[in-house]
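Below is one structure, written out as structure tokens; the observations come after it.
Reckoned from all heavy atoms, side chains included, excluding hydrogens, waters and symmetry mates. Here is the naming used below: chain letters follow the sequence lines, and residue numbers restart at 1 for every chain. Computed from a prediction, not measured in an experiment: that's the story for all the values here.
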Amino acid sequence: MSKIVKDTENQLRLLIKDAIKSSAKKGELPETDELNFIIEIPADRSNGDYSSNIAFAGAKAFKMPPRKIAEIIAENIDLKDSYFSECTASGAGFLNFILADKFYADILLDIKALGSDYGKSDYGKGEKINVEFVSANPTGPMHMGNARGGALGDCLASVLDMAGFSVCREFYINDAGNQIDKFALSLDVRYKQIYLGEDAVELPEDSYHGEDIKQRAKEFAEINGDSFMSRSEDERRNALISFALPKNIQSMKDNLSKYRIEYDKWFNESELHNSGEISEVIDMLTKNGKTYEKDGALWYKNIEVQTKMYLEMGKTAEEIEKLELKDDVLIRANGNPTYFAADIAYHRNKLEKRNFSKAIDIWGADHHGHVARLKGALSAIGIESSRLDVVLMQLVRLTRDGEIVRMSKRTGKSITLVDLLEDIPIDAVRFLFNMREPGSQMDFDLDLALEQSSQNPVYYCQYANARICSIFKKLKLEGITPRDCTENELKGLKEPEERELIRHLSGLTDEFILAAKYYDPARITRYATTLATLFHKFYNACRVSVPDESLMQSRLLLCSCVRETMVNILTLLKITTPTSM
RNA sequence: GUUUCUGUAGCUCAGUUGGAUAGAGCGUCCGCCUCCUAAGCGGAAGGCCAGCGGUUCGAAUCCGCUCAGGAACGCCA
């Protein structure tokens, strides 16, 4: 882990505190208690590399105008042997700092030493986190929402991993319950239609109408012929399900694998039914007085639980009344548990039985109404609800020629994950889906994804890497091989383009930590795009192959650090890094 | 109606726990290869941060209200 950036900020904090102490000793500032102040990187870099608001924060305590305080601190600060070369007071009272040459040299040496570990940190302290994403129904093909969820969940898991968490990628297979009955019924109808004709058996309105169901029924018929026509409905449906479900699940695994997603755990909902865990949570809720019977069904007292939660949060009774809370069914009148009941058991399984300290679920935003009641139900069985975090992801629209695309040209049906991956390079899909934060509605531009130019950020980033490879290749032909550089040599990298590039490199570890903290992998694609921009600027402004051997080697080392960083990021996003383009 | 997400340049979007003159890319216009990949770089133009009020040294950012758009409000999942 790169400690230099962290050390730099800590050092700055101490330098400021020391300066205040020595000013107080000289009587230039009054004695005061610890002050809360921040250290930040100014948006406008011409104001320095770091700045602090200490003078504003201390204005009241010191009973002096901020500008005056800043001047006194700047006067008394001792920068000898620090990572800073200059401290000035400016504006209404900002304290600005310029980084010293040593900082730049040390960052590069650090990156070089860390190699593929550069960017990793122990922020997460090995905490066990479960990231569940996609979890598409195995009753049909995966759609665009699954495509975004897949890219997002997989990259979020990687980001958490980089930030020092111990991550488990999980897929929840809904292989039980209502939709499986519906699946069976749909298959059954399609199977019978093969032998009796399409008009003889009608497909109910609320069953699955997709071509994929027809296809599975046909495959079943090719193997078994009409032998199941004479069997009982139960036997026939069971046979159809045991034939079609594994095939569908395998096909999801294959397609996700093509999308470069490998799960650590495929969790079957049916396990929760078979093991009795669903009954267990229902018993727990009942024991805690959170259920009642009505109309032959067993209900969960959502209104009661959430009202209590909201009252604790400080809402008034009137405000809660307006929320129009509703109770929910746990066991239907027909004796089958609902999805909700299974979900409570599933999350208890993750958090209690398997001891994950946190469960992160990636859900489509259309499920947002489910979050509060699930959290409530968890707390009602004694599980701290903050241990579940749900990342709600807004829906995706596809556009082509500026128009919204709803249907696939080839099939005439809505576009599936498979359709998308056939048309668009996987590198582009994975990158573009991670360019927006999850909560923003996004338009996925099909033309842009196919574009092989700077307009397409994924190519732009890959190109930076390819250019660096090309430099090394060219110099190798001239008999020049990269060597280690001394700190003094690296201090010679003083061009503004070099400095800016190195400063950006230094921020990688923090960026991963922030992406992990805010569950936002989009920060990383943005970081990569900026890195590419700064490299291209450097490339244009500074030649690597120059007569000054020391400078050339320093620039080579800078290039290799940029390459290391870019490759680390793209590899993490599971995007390829071609050495020539 | 209630919940929830969103509203920043012509378009797509950044904008850190409130900080200095609000940033990028695309598109438009003008430039840069006898030199490591022009899939690149530089410059110009483009803004009432949806609106109104509040909090304070200071608000795109925090709070309240209003307006506009998406989504959800099932014994579906």
V189(A)/I213(A) under side-chain contact (heavy atoms from CB on, under 4.5 Å): CA gap, chis, key distance, verdict: CA-CA 10 Å; V189(A) 170; I213(A) 304 279; over 6 Å; no
Touch class at under 4.0 angstrom, heavy-atom based, for N96(A) against every strand present: base
Sugar-phosphate, base or nothing in reach of Q394(A), heavy atoms under 4.0 Å: base
Length of the line joining H504(A):NE2 and A14(B):C1', which is rounded to integer Å: 12 Å
Sugar-phosphate only, base, or nothing, as touched by R373(A) at under 4.0 Å among non-hydrogen atoms: base
Sugar-phosphate only, base, or nothing, as touched by H536(A) at under 4.0 Å among non-hydrogen atoms: sugar-phosphate
Distance flag, aromatic centroids of F171(A) and F267(A), threshold under 6.0 Å: no
G74(B) - base-pair partner by Watson-Crick or wobble geometry, distances under 3.5 Å: none
Ring centroid separation F94(A) to F56(A) under 6.0 Å: yes
Sugar-phosphate, base or nothing in reach of S580(A), heavy atoms under 4.0 Å: base
Side-chain ion pair, D328(A) and R373(A), N-O less than 4.0 Å: yes
Phosphate contact (G15(B) OP1 or OP2) by R526(A) side-chain N/O below 4.0 Å: yes
Distance between C1' atoms of U3(B) and G43(B) (Å, rounded): 49 Å
U37(B) OP1/OP2 closer than 4.0 Å to side-chain N/O of K474(A): no
R397(A) and D443(A) ion-paired at < 4.0 Å: yes
Anti or syn - C33(B), cut at 90° from 0: syn
Spacing between E511(A) atom CD and U16(B) atom P, to the nearest angstrom: 12 Å
N or O in side chain of R523(A) less than 4.0 angstrom from U16(B) OP1/OP2: no
Atom-to-atom span, NZ of K473(A) to C1' of U37(B) - whole angstrom: 10 Å
Sugar-phosphate only, base, or nothing, as touched by E437(A) at under 4.0 Å among non-hydrogen atoms: sugar-phosphate
Sugar-phosphate, base or nothing in reach of G369(A), heavy atoms under 4.0 Å: nothing
Touch class at under 4.0 angstrom, heavy-atom based, for A466(A) against every strand present: base
Options C36(B), C75(B), C13(B), nucleotide nearest the side-chain atoms of A297(A): C75(B)
Salt bridge flag under 4.0 Å for residues E497(A) and K537(A): no
Touch class at under 4.0 angstrom, heavy-atom based, for Y518(A) against every strand present: sugar-phosphate
Protein-nucleotide distance (E324(A), atom CD; A72(B), atom P), rounded to Å: 17 Å
N/O donor-acceptor pair, side chain D366(A) with base A77(B), under 3.5 angstrom: no
R397(A) vs G70(B): side-chain N/O to OP1/OP2 distance below 4.0 Å: no
Pi-cation contact, Y539(A) with R467(A) (under 6.0 Å, within 45°): yes
Complementary nucleotide of C33(B), counting Watson-Crick and G-U pairs under 3.5 Å: none
Sugar-phosphate, base or nothing in reach of C469(A), heavy atoms under 4.0 Å: nothing
Between P of A77(B) and OH of Y208(A), the distance in whole Å: 9 Å
P atoms of U34(B) and A50(B), separation to the nearest Å: 47 Å
Base A72(B) paired with H367(A) side chain (donor-acceptor, <3.5 Å): no
Basic-acidic side-chain contact under 4.0 Å: E170(A), K350(A): no
Under-4.0 Å side-chain N/O to phosphate OP1/OP2 contact, N53(A) with G19(B): no
Whole angstrom value for the distance that separates P of G25(B) from CE of M442(A): 20 Å
Euclidean distance, atom CG of residue L534(A) to atom P of A24(B) [Å, nearest integer]: 12 Å
Presence of Y460(A) side-chain N/O under 4.0 Å of A38(B) phosphate oxygens OP1/OP2: no
Touch class at under 4.0 angstrom, heavy-atom based, for L475(A) against every strand present: nothing
Interatomic distance, F97(A) CZ vs A20(B) C1' [rounded to whole Å]: 16 Å
Pairwise P distance for C49(B) and G31(B), with rounding to whole Å: 34 Å
K182(A) side chain near A77(B) phosphate (N/O to OP1/OP2, under 4.0 Å): no
K308(A) with E304(A): basic N within carboxylate O range, under 4.0 Å: no
Table of protein N/O atoms under 3.5 Å from nucleotides 63-69 of chain B N/O atoms:
from	atom 1	to	atom 2	distance (Å)
G69(B)	N2	Q441(A)	OE1	3.1

Sugar-phosphate, base or nothing in reach of N334(A), heavy atoms under 4.0 Å: nothing
Residue pair R499(A), E495(A): steps toward the side-chain contact (heavy atoms from CB on, under 4.5 Å) verdict: CA-CA 6 Å; R499(A) 290 282 160 106; E495(A) 294 298 324; over 6 Å; no
Nearest-Å distance once atom P is located in both A9(B) and G15(B): 15 Å
Touch class at under 4.0 angstrom, heavy-atom based, for T530(A) against every strand present: nothing
